Amino acid sequence: MPDYEFSPASGDRPRSGISKQVLIVLGACLPVILALAIWVGVLSWRQRSMGTTDRFSAIVLGRCLTYTQNVHPELRNQDCKKILNAFTSAFVSKDPCSITKEDYQPLINLVTQTVPCNKTLFWSRSKELAHQYSGIQNEMFTLEDTLLGYIADDLVWCGDPRTSEVKEEFCPYRNENCSSTATSVFWTVVSQKFAESACGTVYVMLNGSGTTAFSKASTFGSVEVFNLHPDRVHTLHAWVMHDIGGVSRDSCLGSSIKELKSIVNQRNISFLCQDDYRPARFVQCVRRPEDPACSTLM
Ligand code: JS2
């Protein structure tokens, strides 16, 4: 039987119909094809109706389980699914520029964790060194060493009134036209709670190689400093750290630290300051042991 070619452009239709055998085979396969199509349809419907776990939710749930089961097993009774649900409920299906502190209150109420007195470490423009230090001095807590900071660190998230999806891309940056984003409000809320629950002597690691070590516009300078309770916190101890082999643009004697001292003293809290606090300098020198600034340490 010759293969027939036809060119649709010529408008020619095949001169001979499909052979009888092909029709029989197609008829026999049709039910299988139909059943397959129905099965795929049901599967995708179930997937949609059950809700797929998006990446953000998977990361937050995974981090929560790691933290409560391994990092701090004393929190093993925390319900990570409830925490995830309270977290996403704070922003999904909402205007991404109009998130409020109250949106996060159910999440804040769910997580009860207290940092021991004298073990709180704030930071400003020195995140990496602060975390390296608290990673070694592991009785010290930065916000990201607490459960809420740990599950959200370095993530971006937002919602959209038109869907119940958790979005990670195309989330608006915080600016004058969008001042209350899901992430910025979250960090303000948890930073405030972190400061409110601090007690004894609290510490802050500042960057003396940046433009100014202390800024009132920073989260530390605008939220945490003003939420320390003077009846719980008696001293704020600042460490102004300088990059190994880097420039020194500010120090304990600089004007920005004088401003920080004034704010703290006005809140009836004592203030101490050290340049290049030695134990933190050791942490810096681990990576640059050959640097002259480190030879005097050894
Ligand atoms: C962490 C994020 C993110 O004392 C520290 C922390 O307790 C933090 O809550 O606030 C302080 C640092 O903020 P600051 O003083 O503005 O310093 P920075 O180096 O400019 O850091 C800006 C980021 C602060 C809030 N924040 N903190 N992990 O993923 C994260 N994202 C944001 N926006």
Side-chain angles (χ1 to χ4, degrees), residues 55-56 59-60 63-64 67 87 90-91 96-97 99 101 103-104 107-108 111 113-115 119-135 137 140-158 166 168 171-175 178-199 201-229 233 236-243 246 249-250 256-257 259-260 263-264 269 271 273 277 280:
R55 181 181 168 275
F56 172 86
I59 291 171
V60 167
R63 286 182 179 183
C64 181
Y67 190 94
F87 196 162
F91 61 90
C97 292
I99 303 301
K101 286 185 175 182
D103 287 326
Y104 281 109
L107 173 64
I108 297 298
V111 178
Q113 180 179 17
T114 49
V115 172
K119 302 299 179 192
T120 296
L121 176 59
F122 300 108
W123 51 271
S124 194
R125 279 88 165 161
S126 59
K127 182 178 179 181
E128 185 182 3
L129 180 56
H131 287 174
Q132 287 168 349
Y133 179 76
S134 70
Q137 298 282 8
M140 294 295 285
F141 282 77
T142 65
L143 172 59
E144 298 71 29
D145 293 309
T146 68
L147 176 55
L148 287 175
Y150 185 90
I151 63 177
D153 197 17
D154 291 332
L155 298 182
V156 174
W157 60 90
C158 62
V166 172
E168 295 163 70
C171 287
Y173 281 107
R174 183 181 177 196
N175 57 36
C178 183
S179 58
S180 301
T181 63
T183 48
S184 65
V185 173
F186 170 86
W187 288 112
T188 300
V189 168
V190 295
S191 298
Q192 178 176 333
K193 181 175 186 258
F194 185 55
E196 284 171 345
S197 59
C199 52
T201 295
V202 299
Y203 301 87
V204 59
M205 190 174 283
L206 301 173
N207 187 337
S209 292
T211 43
T212 56
F214 171 70
S215 164
K216 282 200 300 187
S218 66
T219 305
F220 170 68
S222 60
V223 177
E224 289 164 327
V225 166
F226 291 100
N227 280 286
L228 297 174
H229 283 286
V233 174
L236 171 66
H237 193 156
W239 301 327
V240 180
M241 302 305 297
H242 300 89
D243 295 343
R249 292 201 178 88
D250 208 345
S256 79
I257 299 299
E259 183 181 36
L260 173 58
I263 293 168
V264 169
I269 296 172
F271 181 75
C273 188
Y277 175 57

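As the structure lists them, so they are numbered: ligands from 1, and atoms in each ligand from 1. Bear in mind the structure is a predicted one, so any value in this text is a computation, not a measurement.
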Student: Provide, to 0.1 Å, the distance between atom 9 (O) of ligand 1 and the closest protein heavy atom, together with that atom's residue and name.
Tutor: S191 OG, 2.6 Å
Student: Considering only non-hydrogen protein atoms, determine which one is nearest to atom 1 (C) of ligand 1 and report residue, atom name and distance to 0.1 Å.
Tutor: E144 OE2, 3.0 Å
Student: Write out the residue and atom name of the closest protein heavy atom to atom 15 (O) of ligand 1, then the distance separating them to 0.1 Å.
Tutor: S124 OG, 2.8 Å
Student: Geometry only, no angles: is S126 polar-contacting ligand 1 at N/O separations under 3.5 Å?
Tutor: no
Student: Out of all atoms in ligand 1, which are within 4.0 Å of some heavy atom of D153? Include the element for each.
Tutor: 1 (C), 3 (C), 28 (N), 29 (O)
Student: Scan V225, L236, I269 and name whichever one has a side-chain contact (heavy atoms from CB on, under 4.5 Å) with I263.
Tutor: V225
Student: State whether the side chain of T181 and the backbone N or O of S184 hold a donor-acceptor pair below 3.5 Å, judged by distance alone.
Tutor: yes
Student: Considering heavy atoms of the protein only, find what lies nearest to atom 4 (O) of ligand 1 and give residue, atom and distance to 0.1 Å.
Tutor: E224 OE1, 2.7 Å
Student: When you measure from the side chain of S126 to the backbone of M205, do you find a donor-acceptor pair of N or O atoms at a distance under 3.5 Å?
Tutor: yes
Student: Side chain of S209, backbone of D243: donor and acceptor closer than 3.5 Å?
Tutor: yes
Student: Heavy-atom contacts with S218 under 4.0 Å: which atoms of ligand 1 show up? List them by number with element.
Tutor: 14 (P), 15 (O), 16 (O)
Student: For atom 16 (O) of ligand 1, state which one of L155, T219, D154 supplies the nearest heavy atom.
Tutor: T219
Student: Compare F214, W187, Y150 and give the one whose heavy atom is closest to atom 33 (N) of ligand 1.
Tutor: W187
Student: When rounded to the nearest 0.5 angstrom, what distance separates NZ in K216 from CG in L260?
Tutor: 11.0 Å
Student: Considering non-hydrogen atoms of the protein only, which is the closest contact for atom 19 (O) of ligand 1, and what is the distance?
Tutor: R125 N, 2.8 Å
Student: Below 4.0 angstrom from a heavy atom of F220, which ligand 1 atoms are there? Numbered from 1 as shown, please.
Tutor: 14 (P), 15 (O)
Student: Angle class for the F87/F56 ring planes (parallel below 30°, perpendicular above 60°, tilted otherwise)?
Tutor: perpendicular
Student: Backbone N or O of A195 within a donor-acceptor pair of the H229 side chain at under 3.5 Å?
Tutor: no
Student: Sorted by first residue and then second, give each side chain to side chain donor-acceptor pair (under 3.5 Å) pair with at least one member in residues 142-157; sequence neighbours left out.
Tutor: Y104-W157, W123-E144, K127-D153, K127-D154, H131-T142, H131-E144, S134-D145, T142-E144, T142-D145
Student: What is the distance from atom CD1 of I108 to atom NZ of K193, rounded to the nearest 0.5 Å?
Tutor: 5.5 Å
Student: When you measure from atom 6 (C) of ligand 1 to the protein, is at least one non-hydrogen atom found at a distance under 4.0 Å?
Tutor: yes
Student: Using a 4.0 Å cut-off to any heavy atom of L143, which atoms of ligand 1 qualify?
Tutor: 7 (O), 9 (O)
Student: Quick one: nearest non-hydrogen protein atom to atom 21 (O) of ligand 1, plus distance?
Tutor: W123 CZ3, 3.4 Å
